[in-house]
Amino acid sequence: MDPTGAIYAAAGVAMFLAALLPRLLQRAPVSLPMIFLATGIILFSWLDWLPNPDPMANGAVVEHVTEACVIISLMGAGLALDRRVGWRRWMSTWRLLAITMPLTMLGVGFLGGWLLGLSAGGAVLLAAVLAPTDPVLASEVQVGEPTDVEEAEDETRFSLTSEAGLNDSLAFPFTYAAIAIVTVGVAPSGWIGGWLAIDVLWRLAAGVLVGLGVGWGLRRLFFRAPSKHFRLAEHGEGFVALASTFAAYGAAELIEGYGFLAVFVCACTIRAGESTNGYHKVLHSYIEQLERLFTIVILIFLGGAIAGGLFADITWTQVVVALLAILVIRPLAGWIGLAGGRTGRHERAVIAFFGVRGIGSIYYLAYALGHADFAEGRMLWSVVGLVIALSVLIHGVTTGPVMHSLDARRQAAAREKHGDASKASSTAV
């Protein structure tokens with residue numbers, strides 16, 4: 001039987017489900033990623049004519065598909081944020097980046113070397129790969145579509161969205177460090193100078209500058225072009241959100257900057273212009289639909305990899321490491337990072353707990369294994385795949401009930417303090 005028709009039919013059903021399920025599962029202990037990961041496991045267990053889902057055998061494809069998914073998600077995250085960038089306004093974000101992320105990396109790296117017996121390069125890579133909160137799979141605990149009220153976002157959703165938008169870029173220098181250790185050697189004298197100058201300072205600065213420049217230029221084009229023919233905001237063309245993503249990413253990569261950072265900065269720069277204009281919703285809606293499509297494909301193939309034996313050699317030690325990474329290291333690091341900040345204790349607990357791991361981790365691992373010969377490549381895929389699967393399950397089951405409970409607490413606190421539930425979004429609980 002020619003499988004072409006079945007593939008198209010299954011793809012159509014999957015897309016309809018992707019459109020319907022988020023509305024049906026808002027408060028249920030089930031998430032969209034859970035459903036499509038399970039779908040992949042079932043399909044690849046039953047149908048032997050499907051393509052080989054092994055990430056080790058398809059590293060280049062995995063790298064580029066997840067790369068596209070992450071940059072699209074980063075554009076969506078930046079466009080969704082109503083709050084302008086600022087030191088005080090983004091204080092929770094800076095704490096998560098400067099304190100929580102390094103602590104998470106130290107914890108994961110230590111477990112990788114101690115319990116898993118990874119080499120120095122392998123432990124650093126595992127730490128880098130599992131450090132960032134994912135901008136793709138964390139979408140269910142992030143802000144919704146853009147609004148025209150800057151303080152409408154609650155601190156929990158804002159913090160998780162802005163953290164996910166920025167920490168992918170901050171994981172990249174350590175991915176490069178792992179590659180350097182494997183390629184050059186453990187001794188810092190062989191690589192530390194070039195790493196600091198190029199992979200840290202130059203690439204970060206280039207990403208920020210390109211994002212600002214491209215974002216500013218596109219903002220002018222969208223809202224203030226001299227001719228109405230070029231003022232795209234008046235024409236409602238949503239697909240230019242994808243053009244903006246590719247332009248920022250490509251320009252940064254051409255000068256060896258961090259494209260992930262450029263895309264998010266570009267999106268925030270666009271969002272800061274004409275903040276009440278409805279065109280932001282058009283751009284965000286288009287990106288959100290593309291992101292969902294990529295996510296479906298990747299999760300189904302991750303499920304296929306699990307069905308195909310990704311966990312065949314998994315050990316109890318690796319299971320313990322994965323559970324500690326999700327349930328202990330990130331929550332503890334998040335609580336420490338946010339202590340003394342503007343979040344209430346319930347918000348702090350939720351932000352610390354929902355450090356979702358996902359598509360970004362797959363990308364970083366595929367990228368690193370494609371650029372250096374890591375002897376533990378198969379083990380790293382198993383551990384990272386297990387962490388993502390557990391994150392999808394644990395966070396998927398808890399997202400709906402936890403966020404609903406937090407929103408109810410916030411509204412109750414607002415009614416008690418102001419007598420007005422509409423002010424609940426900015427009330428710490």
[atom1] of [X] to [atom2] of [Y]: how many Å apart, nearest 0.5 Å?
| X | Y | atom1 | atom2 | answer |
| --- | --- | --- | --- | --- |
| Leu221 | Trp216 | CG | CH2 | 11.0 Å |
| Arg157 | Leu81 | CZ | CG | 13.5 Å |
| Ser31 | Leu37 | OG | CG | 9.0 Å |
| Leu74 | Thr245 | CG | OG1 | 9.0 Å |
| Ile255 | Trp202 | CD1 | CH2 | 5.0 Å |
| Leu324 | Leu332 | CG | CG | 11.5 Å |

Regarding [X] and [Y], do their side chains bring together a donor and an acceptor under 3.5 Å, going by distance alone?
| X | Y | answer |
| --- | --- | --- |
| Glu376 | Ser119 | yes |
| Arg330 | Thr133 | yes |
| Tyr279 | Glu274 | no |

For a 4.5 angstrom cut-off between non-hydrogen side-chain atoms, does [X] reach [Y]?
| X | Y | result |
| --- | --- | --- |
| Leu254 | Val210 | no |
| Val282 | Tyr286 | no |
| Met34 | Leu393 | yes |
| Met403 | Val350 | yes |
| Val70 | Phe294 | no |
| Phe172 | Leu204 | no |
| Cys69 | Val136 | yes |
| Thr398 | Phe354 | yes |

With distance as the sole test, does [X] use its side chain to make a donor-acceptor pair with the main-chain N or O of [Y] at under 3.5 Å?
| X | Y | value |
| --- | --- | --- |
| Arg89 | Val85 | yes |
| Asn58 | Val61 | no |
| Arg357 | Ser391 | no |
| Thr100 | Ala333 | yes |
| Trp191 | Gly185 | yes |
| Glu145 | Lys281 | no |
| Thr156 | Ile351 | no |
| Ser162 | Phe158 | yes |
| Thr269 | Val265 | yes |
| Ser159 | Thr93 | no |

I need the minimum non-hydrogen distance between [X] and [Y], along with the two atoms involved.
| X | Y | answer |
| --- | --- | --- |
| Gly273 | Phe223 | O-CE1, 3.7 Å |
| Met101 | Ala171 | CE-N, 3.5 Å |
| Thr104 | Ala131 | CG2-CA, 4.3 Å |
| Val108 | Ala127 | CG1-CA, 3.8 Å |
| Glu253 | Gly259 | OE2-N, 3.1 Å |
| Ala248 | Cys266 | CB-CB, 3.9 Å |

### Query
Is a salt bridge present between Glu155 and Arg83, judged by a nitrogen-to-oxygen distance below 4.0 Å?
yes
### Query
Can a salt bridge be assigned to the pair Asp313 and Arg378 using a cut-off of 4.0 Å between side-chain N and carboxylate O?
no
### Task
Test side chain to side chain contact (heavy atoms under 4.5 Å, CB included) on Arg203 and Leu261 and set out the steps.
CA-CA 9 Å; Arg203 294 183 192 275; Leu261 183 57; over 6 Å; no
### Task
Only counting residues at least two apart or in another chain, list the ones meeting side-chain hydrogen bond (donor to acceptor under 3.5 Å, both in side chains) with Arg271.
Asp82
### Task
Start with the C-alpha gap between Thr295 and Leu32, add the side-chain angles, then the distance that decides, and say whether side chain to side chain contact (heavy atoms under 4.5 Å, CB included) holds.
CA-CA 10 Å; Thr295 304; Leu32 197 66; over 6 Å; no
### Query
So Tyr258 and Asp199, side chain to side chain contact (heavy atoms under 4.5 Å, CB included) or not? Walk me through it.
CA-CA 9 Å; Tyr258 287 130; Asp199 298 328; 3.9 Å; yes
### Message
Using 30° and 60° as the class boundaries, would you call the ring planes of His371 and Tyr367 parallel, tilted or perpendicular?
### Response
parallel
### Query
Considering the options Asn167, Leu166, Thr161, which one meets the side-chain contact (heavy atoms from CB on, under 4.5 Å) requirement together with Glu163?
Asn167
Pair [X] + [Y]: ring centers closer than 6.0 Å:
| X | Y | value |
| --- | --- | --- |
| His280 | Phe222 | no |
| His395 | Phe353 | yes |
| Phe264 | Phe260 | no |

### Query
Can you tell me if CH2 on Trp335 sees more than 12 non-hydrogen neighbours from other groups inside 6.0 Å?
yes
### Task
Output, in order, the C-alpha distance, side-chain angles, deciding distance and verdict of side chain to side chain contact (heavy atoms under 4.5 Å, CB included) for Leu43 and Phe301.
CA-CA 10 Å; Leu43 288 177; Phe301 274 90; over 6 Å; no
